[in-house]
Structure formats: C-alpha cells, structure tokens
Amino acid sequence: MKYSIYIALSIAILCFNSCTETKTVDKVVKPNVVLIVTDDQGFGDIGYYGNPHIKTPILDSLASKSVRFDDFSVNPVCAPTRSAIMTGKYSMTTGVHDTYRGGAMMAPSEVTIAEILKEAGYKTGMIGKWHLGDNYPMRPQDQGFEYTLNHLSGGIGQYGDWPNTLKRDSSYFNPILWKNGKQVQTQGYCTDVLTEAAMDYVEDNKDNPFFLYLSYNAPHGPLQLPQKYYDMYKDVDIDAGLINQGKPYPNVTDHSRENSRKVYGMVTNIDDNLRLLFKKLEDLGIDENTLVIFMTDNGPQHPRYIAGMRGKKGSVFQGGVRVPSFWYYPKAFKEARDIKTPAAHYDILPTLAELTGASLPEGLKIEGESLLPLLTKKEDSLPERIINRYWARTAPVHYRNVSTRKGEMKLVGVGKDEDGNDKFELFNLNEDPYEQNDISAEHPALVEELKAEMDTWLNTMETSEHIVNSPMPIIGTVHENPVMLNQNDALFLKKEGFKKEFIYWDVIVDEAKTFDFIVHFDAPIATTGELELDLGSQTKTVKIEANGQTSFSFNNIELPKGKVTIMPKTYLKRKGELKYAYPFYIEIKG
C-alpha cells in the first residue's frame with residue numbers, strides 16, 4: 001500500500017474487540033463513507049459561517065461537531081471539481097476542463113475512488129449529478145459504481161439532459177433519471193427523490209462497508225423549489241445585518257436578491273433531507289462507524305453573501321474556490337475543530353484510501369495528499385505545496401482566470417492591461433483574506449517566482465494526454481445500446497457564412513458494423529429544408545417537408561472500426577434564406 005506510514009493508526013481506528021468466554025477476537029470493521037456534494041452552494045450559504053437568514057440547523061450541527069477544513073479549495077466550476085474528487089488529480093489531466101461543449105468528459109482510463117474502494121470490498125453507489133460523461137465508457141457505472149441513479153448533463157433540465165429539457169419550468173419535479181443505466185420516471189422534488197434513494201441504499205447495504213457519493217444538483221439553476229420553501233424567504237431582506245458588517249459585500253440587484261431567496265429555500269430543503277438521511281444512519285445503528293463528508297463544488301452562481309470573499313462561481317478568487325468541508329466520523333475523529341492547513345478536493349481520494357486500508361494501483365500518480373494525519377491529530381500541518389486553479393471555456397489560456405498559490409501567497413492572472421500586457425495580482429491571504437490589496441508591485445521577485453510555477457503548470461496541463469486527445473464515447477458495444485449523444489458532450493465548429501456553430505460528436509466505433517441513426521429535434525419542424533448526416537467518409541441526406549416531424553432516421557449505415565466524426569447539418573429555409581438548426585440529440589442503434 002502506497003500510504004503505509006499510519007497503517008497501525010488506521011487499523012486501530014477500524015477495529016473493535018468481541019469477547020467470548022475463551023478468547024478475544026479482533027475484527028476489522030471498515031468505515032462506511034458518505035460523500036455529500038451540493039451544487040453551487042457558496043461558502044456563505046450556511047448559517048454556521050455567519051449567514052443569519054438561511055435556515056440550516058442540520059448543517060450547522062454537522063459543522064459544530066465535525067473536523068472542519070477552514071481553507072478547502074475546489075475548482076471554480078462543477079465538472080472539473082468532480083473529476084478531481086473522483087481521481088485525486090488536477091482535472092485537466094483527466095480530460096475535464098469545462099462544464100459542456102465536450103469539456104466535461106473524464107477519460108475512462110482514470111482510476112476513481114469507487115474503483116479503489118470496490119477493489120477493497122466496498123459496495124459503491126452514486127446518486128445525483130455525475131457530469132463526467134453521459135455515454136459509455138464514461139458513465140458512473142463504467143467508473144466503479146455498482147448502483148447508480150443519476151441525471152444527465154450538468155443539471156436536471158439543462159439542454160443536454162434531454163429527457164427533462166422539455167419540462168422547462170418544472171424539470172426539478174418528477175424528473176426522469178437513469179437507474180443503473182435505465183430510464184426511470186420518479187415522483188417528487190428532485191432533492192427529495194435523491195435523498196429517498198440514498199436512504200434506501202444505506203439500508204440495503206447496512207451489513208456491508210459502503211461508499212455512497214450523494215451529489216445533489218441543488219441549488220444549481222433553474223432555481224425551482226417547493227412553494228413552502230420559497231415562502232420561508234419571500235419576505236426576507238437578505239442584506240439585513242450583512243451589508244455593513246465590516247467585510248466586503250458584493251454588488252447585488254433586486255434580481256440577485258430574489259435568486260438568493262430561492263437558493264436559500266433550496267438549501268433549507270437539502271438541510272431537511274439531510275436530517276432524514278442522518279436519522280436513517282442512526283436508526284440502522286451505523287452512524288458511529290460512518291464517515292460523513294459534506295462539501296460544495298464551487299462558489300455561488302450569482303452575487304450574494306459569501307463571508308466577505310471576492311469572486312463567485314467561475315472565478316479563481318477565493319469566493320469561487322473556497323468551500324465548506326466538514327468531516328464527521330464519531331468513531332475516530334473525537335474532537336470538533338478547525339484545520340487551517342490548506343487542503344483541496346483532490347486530497348479526498350488518498351485520504352479515503354488510507355482510512356479504509358485500500359491499496360492504490362501501483363504506479364498511479366495523483367496530485368492529492370492524505371489528510372488522515374491531520375484528521376487524527378497525528379500531524380499539525382502538511383508540507384507546503386503549490387495549489388493551482390484555472391477556468392475558461394478553452395483549456396488553458398495564459399493568463400486569464402488562473403491562480404498559483406504557495407503558502408499564504410497567491411498570484412492571480414487576470415488577463416491583459418490596457419496596453420495589452422499580461423496582468424497579475426498578488427495577495428497575502430493571511431493578511432488579506434478578502435483579496436482586496438494587490439501587492440504585486442512591492443514584490444516583483446515573488447511575482448516572477450510564482451509566475452514561473454504557473455507557466456510550468458499551464459504548459460503541463462495543455463500538453464497532458466487527455467487534453468491533446470479528448471475522451472470520446474464508444475458506440476456499438478453491448479454496454480450501451482442505443483447510444484444517445486446529447487449536446488453537453490458535443491463539440492462545436494464555426495462555419496463560414498453561418499452565425500451558429502455546427503455541432504458534432506467524435507466517437508469511437510467499437511467494431512465495423514451497421515448502425516441506424518435517428519436525429520431528434522426539440523420541437524416539430526414547420527419549414528422545409530434538408531438534413532445531412534456527415535460521417536466523414538460518407539454523407540446521407542433526407543428532405544424536410546415541413547410536416548411537423550421531430551425526428552429523422554438514417555438506416556443501415558456501415559461504419560468502420562475506429563474514430564468517426566458525426567456531424568448532422570440541418571438547413572432550414574426561413575424568410576428565403578438557409579438557416580442552420582441544432583439537433584436536440586442523436587440516437588444510435590447498432
């Protein structure tokens with residue numbers, strides 16, 4: 001096992017004595033693990049961190065009795081954060097650099113927490129938001145999870161989540177989900193549905209060590225919630241007592257205030273659901289031996305209270321990347337306290353591996369470090385390390401929205417100045433936790449030092465295997481048939497003469513065979529035109545007759561083994577001109 005320094009400590013944590021009349025038997029009891037991740041819940045969206053308006057008694061209680069990582073960072077947006085959690089690596093090395101346009105597919109060769117714990121005898125379950133690829137071999141059930149109940153794309157009702165997209169104003173209610181790869185119609189509000197499935201999962205697996213990844217899609221937009229939760233906040237002045245508390249406060253509008261009320265209602269609903277889940281663990285008698293980790297995936301999606309920090313979702317400033325991180329394990333972590341040592345999402349995998357006694361594959365290179373020595377008070381700190389953060393729609397850009405941190409010093413690339421020169425800002429987070437005072441002019445040598453680190457990291461990321469060769473779905477296998485290619489995992493190409501980019505998918509054909517293609521649209525087509533299915537070496541065309549069709553079929557198409565680009569080109573006549581239209585999704589049978 002790669003992490004062996006604290007084996008004796010881990011075994012002591014995991015053992016209990018069973019006495020008989022003749023002898024004492026030591027039996028290793030592995031801890032259950034429940035990893036809870038919420039979506040777009042910012043650092044300030046919890047009462048524990050000073051928000052007097054939001055009602056989160058369960059999360060506040062969990063925080064008060066947990067080991068809390070006070071300086072825990074993630075990526076500025078959701079899919080990159082999730083890939084780092086799953087693999088212990090920087091997200092771009094896994095192929096994930098964005099939230100859509102093909103940037104949220106994780107290479108199937110990556111080793112996940114689920115695969116590591118499954119090999120160690122754990123039952124593995126994933127419920128909620130996956131967002132790391134919706135087709136084989138990138139789905140959660142392809143990456144080590146034995147039980148899955150998930151939605152597609154980056155959120156319920158987003159365009160890539162085609163089963164729920166047409167329910168635009170009610171997609172969070174009675175959503176269609178995918179249970180072990182099969183569509184299921186659920187009943188109820190999404191967070192309630194996911195929690196009920198989580199409670200069923202822990203009950204079904206109470207006699208086995210299990211790892212449950214409970215990944216709520218709330219409070220991500222669209223901001224839909226049960227009326228009673230909206231009513232809790234509809235008359236609340238969310239700025240009261242906060243706007244003049246002596247910390248920086250974001251510029252908010254009436255629209256963002258209304259959004260905040262909805263987010264607070266969605267978070268309170270999560271809190272109520274966690275009450276039910278934690279009660280289930282207690283009723284089953286497994287709460288003492290269950291590690292509960294609570295965290296969020298990035299900062300808030302619109303301006304609202306964020307404990308004074310600068311930035312929000314999408315930004316590498318602290319408001320975009322610093323999140324709550326609570327670790328509650330009654331059997332082993334006896335003292336609630338704050339840990340000030342910087343930690344990050346990619347530390348979760350090695351920590352769980354060491355805690356559970358699971359072995360990491362030989363030769364596996366990860367970025368994360370085990371936090372167990374901190375959690376068990378074996379160590380007071382970790383060796384100083386470099387922490388990099390980045391996000392833009394392309395991967396990567398020098399030097400836009402990128403940061404490099406060493407200890408308390410943080411360098412942020414903020415684009416170009418008015419003369420076109422690269423611009424950086426430097427902050428001492430110990431003295432300036434809200435990143436208000438740029439001290440780059442006073443420390444040019446330190447700027448150069450951290451910029452050199454930033455350059456090395458960016459160059460490594462942009463040449464990493466899965467950025468150069470992006471992950472691709474595989475069609476024609478027994479694992480997924482039919483294959484539904486959605487817009488979240490699609491690529492886009494600018495074509496001369498058209499305002500819209502052309503949409504396409506790169507796929508791998510598992511073996512040479514014949515396929516049927518069905519191109520689906522999200523509304524009846526009421527004008528004439530034609531639809532070309534460009535497959536590289538061949539193009540098929542059908543006429544569109546303005547008869548209200550929503551799908552068009554191309555049958556018995558032979559494809560060779562290997563990479564194929566699928567590009568549907570829909571040309572519709574509107575006001576005497578040809579216009580390009582996006583397909584909704586493509587169905588492939590073969």
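Start at 1 with the first residue, then count along the sequence.
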Can you tell whether the side chains of [X] and [Y] come within less than 4.0 Å, N to carboxylate O?
X: Lys55; Y: Asp271; value: no
X: Arg82; Y: Asp297; value: yes
X: Lys331; Y: Asp287; value: no
X: Glu369; Y: Arg385; value: no
X: Lys280; Y: Glu203; value: yes
X: Lys129; Y: Asp39; value: yes
X: Arg139; Y: Asp142; value: yes

[X] and [Y]: side-chain donor and acceptor closer than 3.5 Å?
X: Ser153; Y: Asp161; result: no
X: Asn51; Y: Tyr264; result: yes
X: His151; Y: Asn164; result: no
X: Glu110; Y: Thr87; result: no
X: Thr56; Y: Asp60; result: yes
X: Asp272; Y: Asn269; result: no
X: Ser260; Y: His302; result: yes

Thr148 backbone acceptor or donor facing Asn180 side chain under 3.5 Å = yes
Partner residues of Lys123 under the side-chain contact (heavy atoms from CB on, under 4.5 Å) criterion, sequence neighbours left out = Glu146, Tyr201, Asn205, Asn208, Phe210
message = Give me the atom names and distance for the closest heavy-atom approach of Phe43 to Ala307.
response = CD2-CB, 3.9 Å
Within the 6.0 Å centroid threshold, strictly below: Phe333 and Trp327 = no
ask   = How about Tyr90 and Trp457: are their ring centres within less than 6.0 Å of each other?
value = yes
inquiry  = Go through it in stages, so that I can follow the logic: the residues are Asp70 and Arg322, the test is salt bridge (charged side-chain N to carboxylate O under 4.0 Å, His left out), and I'd like the CA-CA distance, side-chain angles, deciding distance and then a yes or no.
reply    = CA-CA 9 Å; Asp70 186 62; Arg322 183 184 172 202; 3.3 Å; yes
request  = Compare all side-chain heavy atoms of Tyr216 with those of Val37 and state whether any distance is below 4.5 angstrom.
outcome  = no
request  = Answer yes or no: does atom CD of Glu288 have more than 12 heavy-atom neighbours from other residues, nucleotides or ligands under 6.0 Å?
outcome  = yes
request  = Would you verify whether the NZ or CZ of Arg68 falls within 45 degrees of the ring axis of Phe326 while also being under 6.0 Å from that six-membered ring's centre?
outcome  = no
